Protein chains: 2
Amino acid sequence: MAKKVTIRDIAQQACVGVGTVSRVLNGGSVSKETRERVLKVINELGYRPNPHARMLAGGKTNRVMFIFPEMRNEFHWRLLKSFDLTLDGYDYQTVVYPLISDNRLKKLRSDKQLLKEVDAVVVATVPLDTTFGKRPDFAQPLILIEWVHEDYDCINVDNEYGGRKAAELLLEHQPNEFFAIQSYETNPMIADKHLWERFNGFKKVLLEAGYDFPDDHIIYADLFTGPPHDKVFEILTKYDRPAIFALTDNYALIVLQIASTLGKKPGKDFFLVGFDDQYWAREGGLTTIKQPVEEIGAKAAEIALKRIRNPDAPIEHVKFVPTVVRRLTA
Amino acid sequence: MAKKVTIRDIAQQACVGVGTVSRVLNGGSVSKETRERVLKVINELGYRPNPHARMLAGGKTNRVMFIFPEMRNEFHWRLLKSFDLTLDGYDYQTVVYPLISDNRLKKLRSDKQLLKEVDAVVVATVPLDTTFGKRPDFAQPLILIEWVHEDYDCINVDNEYGGRKAAELLLEHQPNEFFAIQSYETNPMIADKHLWERFNGFKKVLLEAGYDFPDDHIIYADLFTGPPHDKVFEILTKYDRPAIFALTDNYALIVLQIASTLGKKPGKDFFLVGFDDQYWAREGGLTTIKQPVEEIGAKAAEIALKRIRNPDAPIEHVKFVPTVVRRLTA
DNA sequence: CTGAAAGCGCTTACAG
DNA sequence: CTGAAAGCGCTTACAG
């Protein structure tokens, strides 16, 4: 087993002091030639700085914490994946912190040590105010995904717009009745605000078109077990050419499956628009509102990195606009 | 903001050397009185040892890594939750490491630094041989969940037994035809061996009862989108009183939902047994084979802790026996 | 731009 | 059982 190579080995090989090596590592001022020489040795010896020594000495940790709720949704995994990949490109590590229990939340809030191990923290689709408080006093920069806060960098999707687009797509077919399949959220660690923004956009456009969407046309779905099938069944059989907005592709999938067992043709016997554009949606022919998941994850990573380098950079609020993906169901 | 308290502060307050404090922290030999005195000061000052200093100095990290595949299943979250809770009780931290990409697996295999941050690693439902190799050379103790390996502590469920029980339950109703809904796994980082063990047990009992289960009675389901509804539909409508073994409760849920739209009564028009006993199963009236998820997670934590304390303890192979939960569907 | 030195907070032989 | 000391691998003023 190869003896572990330390900063001292590099220094000796490159004929410089350890301080200089540290400076090329951390972007201090070093002459171009020595920098290159040191870099060369680092590569040759496959040197990796010991993160713990770094942290002890008060430097950067090269890590960013990614906090997200207990979601079994494709969305969060894709988000995490692109986030992690982007970070990796900059030699940063992702510390995965799922909020799966009150205990974990509590620990995060009380154990100062925990947060000290990262240079920044990203919180995705978590209702910030009810979990970390109105203005969490993290020592690290905080980046928010699907949440808006004046004091922090935020990345959001224009959900309202997406909802409006969904309505427009459905309206084209001049259906008689509209329905929405919405999440019924009870877990205080999971945000559902953005889902209601989608719904509001949807409802607004419908109203403009003269259709006053009745509240009892909302079908509430459990995040994990989906919408009650009998309700969906009822809509599909009782109404003529109904239009359905599934606020998440998950729910749209169920509708499609039920329809197939009924022999109902999407885009003809009923109309359906989802939200997300999950992997299966293409094959399933689902017309949906796509949010750029991968871009969001990558952007979060980039903003975190920028913020780490420059704590005083102006706060950045990014809003991604979802796009319409027209396929067979509407 | 309170100045951070270090081991030196404790030493001074307790009138001992830092070495002594370290010894009470790490279980070295200290007289009972001084130990108590030190402990008292630690409590009063709310001292928490800096993990990085610890690691640098070559001590324990008080962390265990939990590696699991990209599963959006209830099972893994429950497992992780109980694991984390148990560890927490011993003042240990869980390092959550989901295997969501090849990149993450590669990093785990190549970056020696990563593994050094934990005292032990637990790998859950991952095919060890195809991911880490026949005999991974981790420096840390390795504990396996749902995988068998002579050289490591393993925790398994008697899946074969569970499958047999499922068959017995179904057989009671003397159905004419049997079906199974099985996972179709393509992701090499997700183990499905245990699912086939269940199936084998199932098939075996059926054969003993004179029913030679035909392979084309297996319905393959995608882990994320579930079984194709039209197939389930077909079984429910084409056959008289069919018996279905869903190898995961997820799949059973779909069957129940489809049946409800068809007006078919479980336990009468068809028979259904699941596996897992997920949260919704009780309310859903699902008869299922329950595996003690929480116990498995807790056990994994305890074995890890034991192994950390005593690397030479004999290898432990634990096998949990699933239990039958009789409800309405069979 | 660069080297030598102090210090980050611990652990672990080493003497007593 | 216990204290003083060395060392873990870095970073960051401090002088030059």
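Only a predicted model underlies this, so the values are computations on that prediction, with no experimental measurement involved. Every chain is numbered from 1 and lettered A, B, ... according to where its sequence line falls, protein lines coming before strand lines.
With B:Y279 as the aromatic partner, B:R78 meets the cation-pi criteria of under 6.0 angstrom to the ring centre and within 45 degrees of the ring axis.
Other residues, nucleotides and ligands place no more than 12 heavy atoms under 6.0 Å from the CG atom of A:D102.
Aromatic ring orientation, B:F68 versus A:W77: perpendicular (interplanar angle above 60°, classes split at 30° and 60°).
Salt-bridge formation is detected for the pair B:K40/B:E44: a Lys NZ or Arg NE/NH1/NH2 atom is positioned less than 4.0 Å from an Asp or Glu carboxylate oxygen. Using a 4.0 Å cut-off between a side-chain N of Lys or Arg and a carboxylate O of Asp or Glu, B:R48 and B:D91 qualify as a salt bridge.
The separation between B:I10 atom CD1 and D:dG3 atom P is 15 Å, rounded to whole Å.
In this model, the phosphate group of D:dT2 is approached by a side-chain N or O of B:T34 to a distance below 4.0 Å at OP1 or OP2.
For the pair A:D153/A:P141, no side-chain contact is recorded, criterion being any heavy-atom separation below 4.5 Å from C-beta on. The shortest side-chain heavy-atom distance between B:V38 and B:V30 does not fall under the 4.5 Å cut-off.
For DNA chain C, each stem of at least three Watson-Crick or G-U pairs (distances under 3.5 Å) is given as range with range: C:1-3 with D:14-16, C:5-12 with D:5-12, C:14-16 with D:1-3.
Of the candidates B:V118, B:V121, B:D119, B:R63 forms a side-chain contact (heavy atoms from CB on, under 4.5 Å) with just one, namely B:V118.
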Base versus backbone protein contacts along nucleotides 9-16 of chain D [heavy-atom cut-off under 4.0 Å; B, S, -]: BBBBB---
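Across all strands shown, B:S31 has heavy atoms under 4.0 Å from sugar-phosphate atoms exclusively, and none from any base.
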